[in-house]
Amino acid sequence: MKTNYPTIHPNVKGFMHGGDYNPDQWLRYPEIIQEDYRLMKLAKSNTFSLNIFGWSAVEPEEGVYQFDWLDDIMENLAEQGSHVILATPSGARPAWLSQQYPEVLRVEQNRKRNLHGLRHNHCFTSPVYREKTRKLNRILAERYADHPALIMWHVSNEYGGECHCDMCQEAFREWLKNKYKNDLDALNHAWWTGFWSHTITDFGQIESPAQHGEYQIHAHNLDWKRFVTDQTIDFYRNEIEPLRELTPEIKITTNFMGNYPRMGPYLGLNYDQFAKEVDVVSWDSYPAWHGDYQEAWELAADVGFVHDLFRSLKGGQPFLVMECTPSLVNWHKVNKPKRPGMHLLSSMQSVAHGADSILYFQWRKGRGASEKFHGAVVDHVGNENNRVFREVAEVGDVLSRLRDVVGATTSPEVAIIYDWENQWAIDDAQALNVDNKKYLEACQSQYRAFWKRGVPVDIISMEKDFSNYKLLIAPMLYMIRPGVAERIEEFVANGGTFVATYWSGIVNENDLCFLGGFPGPLRQVLGIWAEEIDTLYENETKTSTFSSSHHLGLEGTYTAKDYCELIHPEGAQVLAEYQEDFYSGMPSLTVNQYGEGEAYYIASRNEDNFHEEFYQKIIDQLKLSSSFQEQLPEGVNAQVRTNGEQDFVFLMNFNDTRQVIKVPENVSYYDMISEKEITETIDFNPYQVYVFKKDK
Ligand code: GAL
């Protein structure tokens, strides 16, 4: 397994620190741009993303180009030794383009075309928009191919959304013809259109899903979402064509999104597919720290899950934090600045999980329009004499001390399956607690048990290779695409431990239910049959009791909420039974021996303490390694990165209180942040972080 990755460009020697720089908004203020260069040095920053929304500045009229300002900025940044991540500006278009070519404007699901405005709202199919963006990208690549500051392309910005214009409808129909090989009978079967007399007799009858039209044919919805991902990727491929041709050595990324408030990934696009198209994964991370509804460590665990997911997209290759805020945002419900210390801690958390950059939105707060109160490195006061600036400079300083960490990764023995298509299908199903099925939360609650113990985890889709893991967990694996069950069987037969939960093995890739008993193709490996599922009201719970004799040695009772599935063992051993309701005495936890391995089935959605106890036993049984061997206080997390020769252990206190870990006798740790040996006790101030380096 690869452990040490090169940086994204030979000129990049350490962490990238800096962010979105929008001098195109400040061209009337040359003295401010001059001042930026001074402040950039003071902020210990070295990398800036330019031109993200610069289209109207580089092409103020159709075919009239104005690059002087960009030339100047790139030149000056190069002179001071900074790197440039150059963006293609397709994320927002100039007014002249919308005026001249209204077809580029996106059409909403209600079939209304948007007016010009906002951003991220173009049609992905429009030949005109494709032609204009490709042309401009070619000019940018020609102009800056050999520029000493250029280290990477930032293609567009946060691709997302969907267009329902006539061209997109036609493209969708073509996509379907291709997928179903022109066979309407195959489509009708996959979509189960006999239902409500929805049989399609001509591809021309098909429209994208709409609230005032068709939206309850779940396979239709799924195919539309797949099409939207494919069409967006196709648009992206069109954008990068000239970049690949003219700058083959320069790596390409596009910034993926996180999803607030649930703190998962963005659900509109299948990033597992998209990640194959980029050279390096980058994402924009905006957790709402200091909410009054959860502890910081609880949010930190969910953020850790998302970082791990983005790291796992390319098999452990370090990713980039393309955007985060040095302080607050302007779009949470309550916009709270990060408390002192949280900026360093949250930055270190990103690095601990595999980030090789801390980049901000944005360098300098704008004077007007919607983001003028969004946090930035340089505030309206315009100087370095404030807390946020000082904390940014501190991050820059710490990053320079952690340089050896760049390129290192982690190779977990545990993987949790989180899958976009499965999420789409679960969310769409008219079943269970209809609006609140909580698939992401189900994954995150299993993850938390490992996070608390500092056991590294990969978050992977069901398409990924399972063979390098000892433990594979598949919460709510509702959809099982072809070949997946066979790969799970093989994994277990070869000695792997597999854990599945309630509401697994229900539908195939077209959302058609498996016939002959759930969990469908997993029935054999799990050794159970799931007959029914009980959905509980919010305040309803059910208890289960562990049976007395089993090898895990779990005792007592535990509590289920939301879902209790009623299962029958078919070869599996019963480890716990329900104690209530008409299903009292039925199994709620089972294990099946299959080949060399074991497959557990957790039939109910349980409180977190179940996961903690259950997975502690599994961690012990499988001897899974954790990032740090000492016991961690609640809210202190450990993560590890390794480059094959050295381990870098991050210890992070997400509590706003002091915490202490005793160091065993004759042991000492070298802390890369304070550059000191730590003996006797590891003493954490609120939000403090240590990074220990040790030779392997
Ligand atoms: C991101 C976006 C940035 C900026 C930021 C504010 O989603 O890419 O341009 O708007 O949000 O938090």
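Order of appearance sets the numbers: ligands from 1, and atoms from 1 within every ligand.
In this structure, Met257 CE and Tyr286 OH are separated by 11.5 Å, a value rounded to the nearest 0.5 Å.
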### Message
Would Phe256 and Phe274 count as a ring-ring contact (aromatic ring centres under 6.0 Å, His included) here? Give the steps.
### Response
CA-CA 9 Å; Phe256 293 159; Phe274 213 145; 5.5 Å; yes

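With a 6.0 Å cutoff to the six-membered ring centre and a 45° limit on the axis angle, Arg364 counts as a cation-pi contact of Trp26.
Counting heavy atoms under 4.0 Å from ligand 1, residue Glu323 touches it through the side chain alone. Only the side chain of His374 comes within 4.0 Å of ligand 1, judged by heavy-atom distances.
In terms of protein heavy atoms, atom 7 (O) of ligand 1 is closest to Glu158 OE1, 2.5 Å. Distance from atom 10 (O) of ligand 1 to its nearest protein heavy atom, with residue and atom name: Glu371 OE2, 2.3 Å.
Ligand 1 has Arg119 within reach: a non-hydrogen atom of the residue lies less than 4.0 Å from it.
A side-chain N or O of Trp224 and one of Glu162 form a donor-acceptor pair less than 3.5 Å apart.
Considering backbone and side-chain N/O of Asn157, one or more are found under 3.5 Å from N/O of ligand 1.
Taking the six-membered ring for Trp, Phe124 and Tyr129 have ring centres at least 6.0 Å apart.
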